[in-house]
Amino acid sequence: MSKAHVQAKEPLIRMVKRGTISQEKAWGIRAIAFVLSLITGGLLILVLGHNPIEVYKAMVIGAWGSRTVIHETVKLAVPLLITAIGISFAFKMKFWNIGAEGQILVGAVAAGAFGLFTAHIFPKLPLVVLMMLAGMVAGGLYGLLPAVCKAKWGTNETLFTLMLNYIALAFIKYLMNGPWKAPGSSFPKIAMLVPGARLTKVLGVHWGWILALVLVVVSWIYFNKTKQGYEIAVVGESNNTARYAGINVSKVFRRTMFLSGALCGLVGMLQFAGADYTITEGTAGGVGFTAITVAWLAKMNPYGMLIVSVFIAMLERGSNTIQTNFKIPASASDLLIGIILFFMLGCEFFITYRLIFRGKEEHHA
């Protein structure tokens, strides 16, 4: 085959993974991206007729300016953090779990089956334990289903897990309009959890924030210090290499996806018993998708996820403040958050990959 023919087959642009890049350079790139995001967002704020510095200041104060708003910021960060840790279990082995929303919802429903209908039977402590176990088992089984199908029939987990979100959402609608509809209500809604069954608050926020911090440490140890964590990493690098090393890839898929779904199901229980006290179509609230951003920005590092989830919770809480104080439309405040996250994700892409144009030599960064 001629050299000219080979060159014709070569794509115009290729994406290749960078070599080792120093931490100083990586953090420098991140800092530049963050500044550029603030400048770009500032231009949007100027177009809307406001002072960017005042708006950004209001966002920070709206997230950290008082004990009450700090509680709200932490309450937003908890489900983001736990869900991000959950999906990182799957993402580390290149299993694209896009079904966290559905796993959160089925976890909430399973917890609700105990919380709404057995609160008069069990004391608070065993009831909360039952709700936790039910939420985790339900979420785990919901996550296990696509893993079993992929291992057995090679199904596409991205589409499978995504479609399961809609099934869970439809089931919630059925419960709201049918067997779980609040007695005497003319609207489709599920009854509220009785106060005696709600999660106890610690420093103004339900104790899920303590559990989230514990999970950060435990998941880091699991990923980096255990045999199962090593197997996840090897499967993520190459299924064939894992099989050659004697690892049962199907078993790793099933075990890890159960854990991934179980953590997302735990989030459903915490949202039901600690935050919303009922179950609605918005119980997951987009957390399952936002957590993907958290996991990627943190490069699947649990400690990084803690920082990123708090940062995004601050942006979300702050955006609510500027909507009220400056009458900025919700769509514009969402766009402002999107601009910041776009630049941060873009810089992580730039740090990890580079583009090679046709005919150019490859040099490792």
Handout entry: Over 12 foreign heavy atoms within 6.0 Å of CD, Glu54
Key = yes
Problem - For Thr200, side chain to side chain donor-acceptor pair (under 3.5 Å) partners two or more places apart - result: Lys124
Exercise for the section: Please assess His206 against Arg198 for the test side-chain contact (heavy atoms from CB on, under 4.5 Å), listing each intermediate value before the final yes or no. Expected result: CA-CA 9 Å; His206 65 80; Arg198 298 174 184 179; over 6 Å; no
Completion exercise
Exactly one candidate in Thr83, Asn97, Thr161 meets side-chain hydrogen bond (donor to acceptor under 3.5 Å, both in side chains) with Ser260; the answer is Asn97
Practice task
Check the surroundings of atom CZ in Phe117: do more than 12 heavy atoms from other residues, nucleotides or ligands lie under 6.0 Å from it?
Solution key: yes
Practice task
Please say whether more than 12 non-hydrogen atoms of neighbouring residues, nucleotides or ligands are located less than 6.0 Å from CH2 in Trp64.
Solution key: yes
Exercise for the section: Answer with yes or no whether the hydrophobic clustering places Leu81 together with Met300; edges join I, L, V, M, F, W, Y residues whose side-chain heavy atoms lie under 4.5 Å apart. Expected result: yes
Problem - Asn177 to Lys173 - nearest heavy-atom pair and separation - result: ND2-O, 2.8 Å
Problem - Parallel, tilted or perpendicular: rings of Phe89 and Phe223 (30°, 60°) - result: tilted
Problem - salt_bridge(Arg30, Glu348) N-O dist < 4.0 Å - result: yes
Exercise for the section: Begin from the C-alpha positions of Glu231 and Arg255 and carry the test salt bridge (Lys or Arg N to Asp or Glu O under 4.0 Å) through to its verdict. Expected result: CA-CA 11 Å; Glu231 290 176 341; Arg255 180 185 65 216; 2.8 Å; yes
Practice task
Take atom CG of Leu46 as the centre, draw a 6.0 Å sphere, and report whether it contains more than 12 heavy atoms from other residues, nucleotides or ligands.
Solution key: yes
Problem - For Lys150, side chain to side chain donor-acceptor pair (under 3.5 Å) partners two or more places apart - result: Glu157
Handout entry: Interatomic distance, Ser185 atom OG to Met176 atom CE [nearest 0.5 angstrom]
Key = 9.0 Å
Handout entry: Evaluation steps, side-chain contact (heavy atoms from CB on, under 4.5 Å), between Val310 and Met314
Key = CA-CA 6 Å; Val310 171; Met314 180 195 75; 5.5 Å; no
Fill in the blank from the handout: For Trp220, the side chain to side chain donor-acceptor pair (under 3.5 Å) test, sequence neighbours excluded, returns none
